[in-house]
Amino acid sequence: MAKTTPLAIPELEAVEVHGMSRGAFLARGALATGALLGGSAVGPFVRRAVAQETGGDVDILNFALTLEYIEAAFYSRAISKGRNMSGETMRLVREIRDNETAHVDAITQTINRLGGMPATAPKVGFGAVFTSEKTFLKLAQTLEDTGVSAYNGAAPSIRSGDVLAAAGSIVQVEARHAALIRLMRGQTPAPAAFDPALDQHKVLDAVMPFARA
Amino acid sequence: MSDTDTEAGALARLQDDPTSRKRFLRMVGGAGATGALGLLIAACGGSDKMTPAATTTAAAGGQAASASARKNDLAIVNYALTLEYLEADFYERAVMSGQIKDRAVADLAKRIAETERSHVEALKATAKNLGGMPAAVPTTKFDDVIAAGPTKILQTAAVVENLGAAAYLGQAGRIKSREILAAALSIHSVEARHAAALNKLVGHGFKSSAPLEGSIPDGAFAKAMTMEQVLAQVKPFIAS
């Protein structure tokens, strides 16, 4: 009897990222992993994925760029489509939107400087989350937590010191966004002592048979 | 950890349940779907059993890490450990003082105290793994801050967390070991979360004219601080 599995973070399933670029593929993988297993699994997923890249820093940056495009579009739409949002929420949304847009610009410039081709903005959809502040903030928290985990997963594979410094500077701001949104939702700003939890050994036994399937 | 238990359960269901497998693949979409599933499994399963070749390379790399690289990383780990000792001691004293009456804020302070203590333990273990001696526990000077009451305590915490986040960011590019870098990054973003939350709770805006104040004090790009800059700022809190 086929029964639908409960997802760890169901609201992530509403996020659609279109496009066949490597960045779009990785972003979909990161979001699907977060939806299925929770934010702490995103870091290891991304870390493994980028470790297999051959394009080096440009591939990692294009993945980050895709995530930033998704976030920037998410907050821009919240500003244009959001309903019944408090003044305090809108002030935070505008600040975050400005930050994410600045991240898009900076990463694009870095890719150009490295001689790479920046990924184009993916087409994205967020379902009906903008109809209430509650559903919007819930997805915002998840996107920010996922972003932190993704950057932390990818950063150790970055080869250039300058690119690593830039990624560190961005992930710190994503973590601040995550904390401020969590605070608004009455959630603890830092859910774990280490962001993300990397110890996945307990799941090994469960996974092995499936790996061969 | 409960997170890991949840993941184990979810992965077990994914393995048994064709519906959820299809759902994952549908979300991932496109030509890379099967590859993404493999990566997910490899990532969650750990590298030791999945890819023996990669593990061998990593082990060889670990052995090949030069003495100077280890010495470099040990100095950074001990620097971070000293900062975490200060933070842990500060929050533990603040909590024990009973000065923070607001229940939610007191709970957060207690939680942060526990987190900083976890960071201390992790960094101590890392220093030992590097074959070094963990930094000594500093004697702190927080009595005046704590006696001054909850507002001063939280204002100090807000500044100290911004300092901590900038301190970790300043070292990220200097760490030689990929594993230690990953650990440092996983602490860095937690300090950033603390910093944003505490600055918000004490009523600071995103930015402030005062240095090290604000929930997103540098805007879109966080600024790093060097060891010298950070140590100058924490000096007033260290007796020896």
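What you see below is based on every heavy atom in this structure, not just the backbone, and it leaves out hydrogens, waters and symmetry mates. Sequence lines set the chain letters: A, B, ... in the order given, protein chains first and strands last, and positions in each chain run from 1.
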Among [options], single out the residue with the greatest number of heavy-atom pairs under 4.5 Å to chain B.
options	answer
A:Pro156, A:Ala179, A:Ala178	A:Pro156
A:Pro189, A:Ala190, A:Ser169	A:Ser169
A:Glu100, A:Glu95, A:Arg91	A:Glu95

| task | List the atom of B:Ala122, the atom of A:Phe194, and the distance in Å for their closest heavy-atom pair. | result | CB-CZ, 3.6 Å
| request: State whether the side chain of A:Gln172 and the backbone N or O of B:Ala165 hold a donor-acceptor pair below 3.5 Å, judged by distance alone. | output: yes
Drop me the distance from [X]'s [atom1] to [Y]'s [atom2], to the nearest 0.5 angstrom.
X	Y	atom1	atom2	value
A:Asn99	B:Phe206	CG	CZ	8.5 Å
B:Ser215	A:Leu180	OG	CG	4.5 Å
B:Asn199	A:Leu183	CG	CG	11.0 Å

Less than 4.5 Å to any heavy atom of chain A: does that hold for the side chain of [X], its backbone, both, or neither?
X	answer
B:His119	both
B:Ala166	backbone
B:Ile216	both
B:Arg111	side chain

| Test: B:Asp218 and A:Arg176 ion pair at under 4.0 Å | no
| query | Would you call B:Lys200 and A:Glu88 a salt bridge, using N to O less than 4.0 angstrom? | reply | yes
| Hey, mind stepping through B:Leu185 and A:Tyr151 against side chain to side chain contact (heavy atoms under 4.5 Å, CB included) and telling me if it holds? | CA-CA 9 Å; B:Leu185 287 167; A:Tyr151 269 98; over 6 Å; no
| request: Could you give me the CA-CA distance, side-chain angles and deciding distance for A:Val173 and B:Phe221, then say whether side chain to side chain contact (heavy atoms under 4.5 Å, CB included) is met? | output: CA-CA 7 Å; A:Val173 172; B:Phe221 305 97; 5.7 Å; no
Where on [X] is there a heavy atom nearer than 4.5 Å to chain B: the side chain, the backbone, both, or neither?
X	result
A:Leu92	both
A:Ala102	both
A:Asp105	neither

| Among B:Ala195, B:Gly173, B:Gly219, B:Ala224, which has the most heavy-atom pairs under 4.5 Å with chain A? | B:Gly219
| remark: Max heavy-atom pairs within cutoff under 4.5 Å with chain A, candidates B:Leu169, B:Ile187, B:Ile175, goes to B:Leu169
| task | Before giving the answer on side chain to side chain contact (heavy atoms under 4.5 Å, CB included), spell out for A:Glu174 and B:Ser189 the whole-Å C-alpha distance, their side-chain angles and the decisive distance to 0.1 Å. | result | CA-CA 8 Å; A:Glu174 303 293 342; B:Ser189 49; over 6 Å; no
